[in-house]
A.B. asks: 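Below you will find the structure I want to go over with you.
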Amino acid sequence: MKNSLSKIKSELETYARESNVTELQIIDQLKEYYFNKEVNENLKLYKKSKKKVSEITKDLRISPRKFYAILEKKKVEHTKYKKAKNEVE
């Protein structure tokens, strides 16, 4: 484990030197890439109705609001629940 981490660290350092980008920026890009990859896999399951929103948000560790924003951004159909307000006139 430690040996493989040292390989990854050295690869990050060499890539950072070659591309004039900091290691943290590379890690942020990788984090964003793998998050989007996980979101796309979960969206496929959501479209097939095999996974619920609560399960997806738990797996991705995001709020339901953020997940619904992702759905709207990717133009995926979903049910919008409107909170009914009892207005007395």
Side-chain angles (χ1 to χ4, degrees):
M1 176 79 176
K2 192 172 185 178
N3 190 18
S4 62
L5 282 178
S6 63
K7 288 180 185 178
I8 293 172
K9 287 179 189 177
S10 64
E11 288 291 326
L12 275 174
E13 290 170 357
T14 56
Y15 182 75
R17 271 188 260 124
E18 292 173 0
S19 63
N20 294 330
V21 180
T22 65
E23 288 91 352
L24 289 176
Q25 289 173 330
I26 295 169
I27 291 172
D28 287 339
Q29 291 172 350
L30 286 172
K31 183 178 177 181
E32 184 178 326
Y33 169 77
Y34 284 108
F35 178 77
N36 286 333
K37 184 177 176 181
E38 190 71 25
V39 166
N40 289 335
E41 289 175 11
N42 282 312
L43 282 178
K44 288 177 187 175
L45 295 173
Y46 177 76
K47 288 177 185 176
K48 294 178 184 177
S49 300
K50 292 188 177 187
K51 207 166 190 184
K52 295 181 181 180
V53 173
S54 61
E55 295 170 346
I56 294 171
T57 56
K58 186 177 179 184
D59 291 344
L60 296 175
R61 295 185 190 116
I62 59 173
S63 68
R65 274 190 179 177
K66 188 170 183 179
F67 181 70
Y68 285 119
I70 292 171
L71 288 176
E72 288 181 11
K73 183 179 177 184
K74 297 204 180 230
K75 298 178 182 172
V76 176
E77 288 188 30
H78 61 281
T79 307
K80 291 185 180 182
Y81 297 101
K82 296 182 181 179
K83 293 182 180 179
K85 294 183 179 180
N86 295 333
E87 294 182 15
V88 178
E89 293 183 16

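Only this structure's heavy atoms are used, side chains among them; waters, hydrogens and symmetry mates stay out.
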A.B. asks: Could you work out, with side chain to side chain donor-acceptor pair (under 3.5 Å) as the rule, every residue matching N40, not counting sequence neighbours?
C.D. replies: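 By the side chain to side chain donor-acceptor pair (under 3.5 Å) rule, N40 matches K74.
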A.B. asks: Going by the salt bridge (Lys or Arg N to Asp or Glu O under 4.0 Å) test, which pairs reach into residues 36-50, not counting sequence neighbours?
C.D. replies: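 Qualifying pairs: none.
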A.B. asks: With sequence neighbours excluded, what pairs up with K51 under the side chain to side chain donor-acceptor pair (under 3.5 Å) test?
C.D. replies: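 Testing K51 for side chain to side chain donor-acceptor pair (under 3.5 Å), a comparison that skips the adjacent residues, returns N42, D59.
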A.B. asks: Under 3.5 Å, sequence neighbours excluded: what are the donor-acceptor pairs made by side chains of residues 22-32?
C.D. replies:
| unit_1 | atom_1 | unit_2 | atom_2 | d |
| --- | --- | --- | --- | --- |
| T22 | OG1 | Q25 | N | 3.3 |
| T22 | OG1 | Q25 | OE1 | 3.4 |
| Q25 | OE1 | T22 | N | 3.1 |

A.B. asks: Can you check side chain to side chain contact (heavy atoms under 4.5 Å, CB included) on L71 and L43, steps first, answer last?
C.D. replies: CA-CA 8 Å; L71 288 176; L43 282 178; 3.2 Å; yes
A.B. asks: Is there a path of hydrophobic side-chain contacts, each under 4.5 Å between heavy atoms of I/L/V/M/F/W/Y residues, joining L60 to V76?
C.D. replies: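 V76 and L60: one cluster.
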A.B. asks: Restricting to pairs with a member in residues 15-37, which pass ring pair (Phe, Tyr, Trp, His ring centres under 6.0 Å), not counting sequence neighbours?
C.D. replies: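 Output for this query is empty, none listed.
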A.B. asks: Nearest 0.5 Å please: distance from the CD1 atom of I70 over to the CG atom of N36.
C.D. replies: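 The distance works out to 8.0 Å.
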A.B. asks: Could you give all pairs that pass the ring pair (Phe, Tyr, Trp, His ring centres under 6.0 Å) test and reach residues 40-67, with sequence neighbours left out?
C.D. replies: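 Output for this query lists Y46-F67.
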A.B. asks: Nearest heavy-atom pair of T57 and P64: which atoms, and what distance?
C.D. replies: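 Closest approach of T57 to P64: CG2-CA, 3.8 Å.
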